[in-house]
Amino acid sequence: MVNNGKKGFKLYGAPWYLTLIVCLIILGTMYMGGIGTDMPSTFALMLAIGIPLNEIGKRLPIWNKYIGGGILLAFLGSSVIGTYNLIPSEYVTSIDNFTSEINFLTFYIVVLITGSVLSLERNILLRTKT
């Protein structure tokens, strides 16, 4: 397939249609009860919910400029989904355990800070030693 120098629309490094298909497969499998409540399944489910909400929030003009963009819509949208039981309760519990019991958010913050420090240039790190 010839690309002619144009890049297609991508979501998180994959073509948009592939990301959409994977999200729909994960959500469909969840509603049929085929996804487990283990860590990889819960992470995949959170991505399948968060990616579309984030992209919608990035593209809504007023929402993006004045309210908070994609990340805020992902937070609020997932809260609405959990509050109104739009997904089965076992998955709501699984997501809650993933973020609170397993403490994934703390792990993510530690990795984010460590990555930021390690990405600094060596000279900057040496100057902070004094």
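Predicted model, so just to flag it, every value in this text is computed and none were measured.
Heavy atoms of other residues, nucleotides or ligands lying less than 6.0 angstrom from CD1 of Ile62 number 12 at most. For Tyr66, the OH atom counts as loosely surrounded, since its 6.0 Å shell holds 12 or fewer non-hydrogen atoms of other residues, nucleotides or ligands. Within a 6.0 Å sphere centred on CZ of Phe75, other residues, nucleotides and ligands contribute 12 heavy atoms or fewer.
Taking every heavy atom of both residues into account, Leu53 and Ser78 meet most closely at CD1-N, 3.8 Å. For the residue pair Gly68 and Ile71, the shortest heavy atom distance occurs at O-CG2, 4.1 Å.
For the side-chain contact (heavy atoms from CB on, under 4.5 Å) with Val92, the qualifying choice from Ile81, Asn97, Ile87 is Ile87, the only one to do so.
The distance from atom CG of Leu118 to atom CD1 of Ile113, rounded to the nearest 0.5 Å, is 12.0 Å. Separation of atoms NZ (Lys65) and CG (Leu60) is listed at 12.5 Å; rounding is to 0.5 Å. Between the CG atom of Leu72 and the CG atom of Asn54 there is a distance of 10.5 Å, given to the nearest 0.5 Å. Once rounded to the nearest 0.5 Å, the distance linking OG1 of Thr99 with CD of Glu101 reads 9.0 Å.
Transitive grouping of hydrophobic side chains (ILVMFWY, heavy atoms separated by less than 4.5 Å) brings Phe98 and Phe107 into a common cluster. Under the 4.5 Å side-chain heavy-atom criterion for Ile, Leu, Val, Met, Phe, Trp and Tyr, Tyr17 and Phe9 are members of the same hydrophobic cluster. The cluster map of Ile, Leu, Val, Met, Phe, Trp and Tyr, joined by side-chain heavy atoms under 4.5 Å apart, puts Leu105 and Val110 in different clusters.
A donor-acceptor distance shorter than 3.5 angstrom exists from the side chain of Trp63 to the backbone of Gly69, with no hydrogens or angles considered. One N or O on the side chain of Asn64 and one on the backbone of Lys58 form a donor-acceptor pair closer than 3.5 Å.
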Donor-acceptor contacts under 3.5 Å from residues 27-52 side chains, at least two apart:
unit_1: Thr29; atom_1: OG1; unit_2: Ile25; atom_2: O; d: 2.6
unit_1: Tyr31; atom_1: OH; unit_2: Leu86; atom_2: O; d: 2.6
unit_1: Asp38; atom_1: OD1; unit_2: Ser41; atom_2: N; d: 3.4
unit_1: Asp38; atom_1: OD1; unit_2: Ser41; atom_2: OG; d: 2.6
unit_1: Thr42; atom_1: OG1; unit_2: Asp38; atom_2: O; d: 2.8
unit_1: Thr42; atom_1: OG1; unit_2: Ser94; atom_2: OG; d: 2.4

